[in-house]
Amino acid sequence: MLDALTIAVAVTALALAAWCGLAAYRDQPTKDWHFIGMAVVLLLALAQLVVGIVQLSRGERPEKGMAIFIAYLLGAFLAVPAAGFLSLSERTRWGSVTVAAGAVVLAVLEVRLYDIWGN
């Protein structure tokens with residue numbers, strides 16, 4: 001895995017979590033700007049998914065098992081979109097809390113992906 005990409009995904013996910021956490025603190029639902037932030041994080045996670053698949057197809061293998069690596073890679077890709085869809089159904093501050101929690105989950109998944117790959 002590319003260390004810089006993993007760090008970029010984790011940092012942007014934490015920034016999104018802080019931003020949505022601030023919105024929840026201010027008693028605001030997710031707004032269009034939050035969804036643009038989610039799209040940026042999603043694009044980085046998509047890039048990581050593509051890089052991971054390319055590395056696996058080139059014969060590189062994660063240190064702790066391919067099945068768990070693929071599961072975490074897919075989970076990392078789907079964490080923020082799932083939280084975003086849930087926030088659409090909850091148009092209160094709890095929608096912002098949901099996105100903040102999903103972004104924190106993504107950051108934790110990034111740390112775990114880094115560990116599974118063997119860095």
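Because only heavy atoms are used, hydrogens play no part in the values below, and waters and symmetry mates are left out as well, while side chains stay in.
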Residue pair [X] / [Y]: nearest heavy atoms and the distance that separates them:
X     : Y      : value
Ala76 : Leu113 : CB-CD1, 4.1 Å
Ala13 : Ala107 : CB-N, 4.2 Å
Leu16 : His34  : CD1-O, 4.1 Å
Val9  : Ala45  : CG2-N, 4.1 Å
Trp19 : Trp33  : CH2-O, 3.0 Å
Gly84 : Ser87  : O-OG, 2.7 Å

Reported [atom1]-to-[atom2] distance for the pair [X] and [Y], which is rounded to 0.5 angstrom:
X      : Y      : atom1 : atom2 : value
Leu74  : Phe69  : CG    : CZ    : 10.0 Å
Leu42  : Thr12  : CG    : OG1   : 10.5 Å
Cys20  : Lys31  : SG    : NZ    : 11.5 Å
Leu109 : Tyr72  : CG    : OH    : 7.0 Å
Phe77  : Leu44  : CZ    : CG    : 11.5 Å
Leu14  : Leu106 : CG    : CG    : 8.5 Å

For Lys64 and Trp117: C-alpha separation, side-chain torsions, deciding distance, then whether side chain to side chain contact (heavy atoms under 4.5 Å, CB included) applies.
CA-CA 7 Å; Lys64 300 202 175 149; Trp117 189 258; over 6 Å; no
Connected via hydrophobic side-chain network under 4.5 Å: [X] and [Y]:
X      : Y      : result
Leu88  : Leu86  : no
Leu46  : Ile53  : yes
Leu49  : Ile116 : yes
Phe85  : Ile36  : yes
Val104 : Ile7   : no

Chi angles and distances behind the side chain to side chain contact (heavy atoms under 4.5 Å, CB included) call for Leu2, Thr6:
CA-CA 6 Å; Leu2 297 176; Thr6 302; 5.8 Å; no
Where the side chain of Ser96 meets the backbone of Gly21, is there a donor-acceptor pair that is under 3.5 Å apart?
no
Under 3.5 Å donor-acceptor, Arg93 side chain and Arg26 backbone:
no
Close side-chain approach of [X] and [Y], heavy atoms under 4.5 Å:
X      : Y      : result
Arg61  : Leu56  : yes
Val111 : Tyr114 : no
Leu73  : Gln48  : yes
Thr92  : Pro29  : no

Could you check Thr98 against Glu90 for side chain to side chain contact (heavy atoms under 4.5 Å, CB included), going step by step and ending with a plain yes or no?
CA-CA 9 Å; Thr98 302; Glu90 183 62 45; 5.6 Å; no
Who else is in Val97's hydrophobic cluster (ILVMFWY, side-chain heavy atoms under 4.5 Å, direct or via others)?
Trp94
Inter- and intrachain pairs under salt bridge (Lys or Arg N to Asp or Glu O under 4.0 Å), touching residues 99-112, at least two apart:
Arg112-Asp115
Verify the neighbour count for atom CZ of Phe35: are there more than 12 heavy atoms of other residues, nucleotides or ligands below 6.0 Å?
yes
Should the heavy atoms of other residues, nucleotides or ligands under 6.0 Å from CG of Asp32 be counted, would the total exceed 12?
no
